[in-house]
Amino acid sequence: DLHKSRRSYLTPRVITSGEELLTFQVPAGISNIYWSPDGKKIAIVGYDFDTRIFDVATGRELGRPYDNCWPWMLFGSDGCEALRFSADGAVLLQDKQPLKLWNTTTASFSKELKNARLPAVFSPTDRLLATRSEDKKSVWLWRF
C-alpha cells in the first residue's frame, strides 16, 4: 500500500543468511546514519523528521537531540551537518556553530561551547574534544 511505501526502515541483517536482526522504523527520508564508536548507538538523520538516537541492542529510541534538516535551503545552515560521537558513545556533537554537546542516553542538551570553533574532533580513546579557538591560532582541549 502507498502509505507503507513512504516509511523508511533500517534493518540489520546477517550477511550470510539474510536473516533480519532488528528493524528501526522512522518516517520516510533518511539522510544519514551515524554509528557511535562503541557500537552501542546509532543516530539517524532525516530530511523530514527529527534526528533520532537508538540503542542498537534493543532498538529502543533514546531521544531526539536535533531538529530535522532541510536540504532544499538555498542559504545558511540546512541542519544536515554531520554528527560526531565521543569515543564512549555518551556524547554527540553536530558539526555546526555554535558547538553544542548532547547526552546520548537521554538525548538531552548538555553544554554549549560558546568560544569554541570548528573543526571539532573527539579523542578516539577518552573523553576529550579538540576545537579551534576564536582567533584561529590555537587548538583547545575540552574534558567532558
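Here the structure is a predicted model, which means the values were calculated and not measured.
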**Message:** Between R84 and D95 (salt bridge meaning N to carboxylate O under 4.0 Å), is one present in this structure?
**Reply:** yes
**Asked** Between D88 and R127, is there a side-chain N and carboxylate O pair less than 4.0 Å apart?
**Response** yes
Separation between [atom1] of [X] and [atom2] of [Y], rounded to the nearest 0.5 Å:
X	Y	atom1	atom2	answer
I44	I30	CD1	CD1	5.5 Å
L62	L92	CG	CG	11.5 Å
F85	K41	CZ	NZ	7.5 Å
I42	T104	CD1	OG1	12.5 Å
E61	D55	CD	CG	11.5 Å
T105	K40	OG1	NZ	10.0 Å

Provide the closest heavy-atom pair for [X] versus [Y] in the form atom of the first, atom of the second, distance.
X	Y	value
I53	A107	CD1-CB, 4.5 Å
N115	E134	O-CG, 3.2 Å
A87	P124	CB-O, 3.5 Å
R117	T131	O-CB, 3.6 Å
W35	V56	CZ3-CG2, 3.4 Å

**Complete:** Excluding L113, membership of its hydrophobic cluster (Ile, Leu, Val, Met, Phe, Trp, Tyr; side-chain heavy atoms within less than 4.5 Å) reads V91, L93, L99, L101, L118, F122, L129, W140, W142, F144
Looking only at atom types and distance, does a side-chain atom of [X] sit under 3.5 Å from a main-chain N or O of [Y], one as donor and one as acceptor?
X	Y	result
Q97	A116	yes
R60	A57	no
S133	S138	yes
S36	G89	no

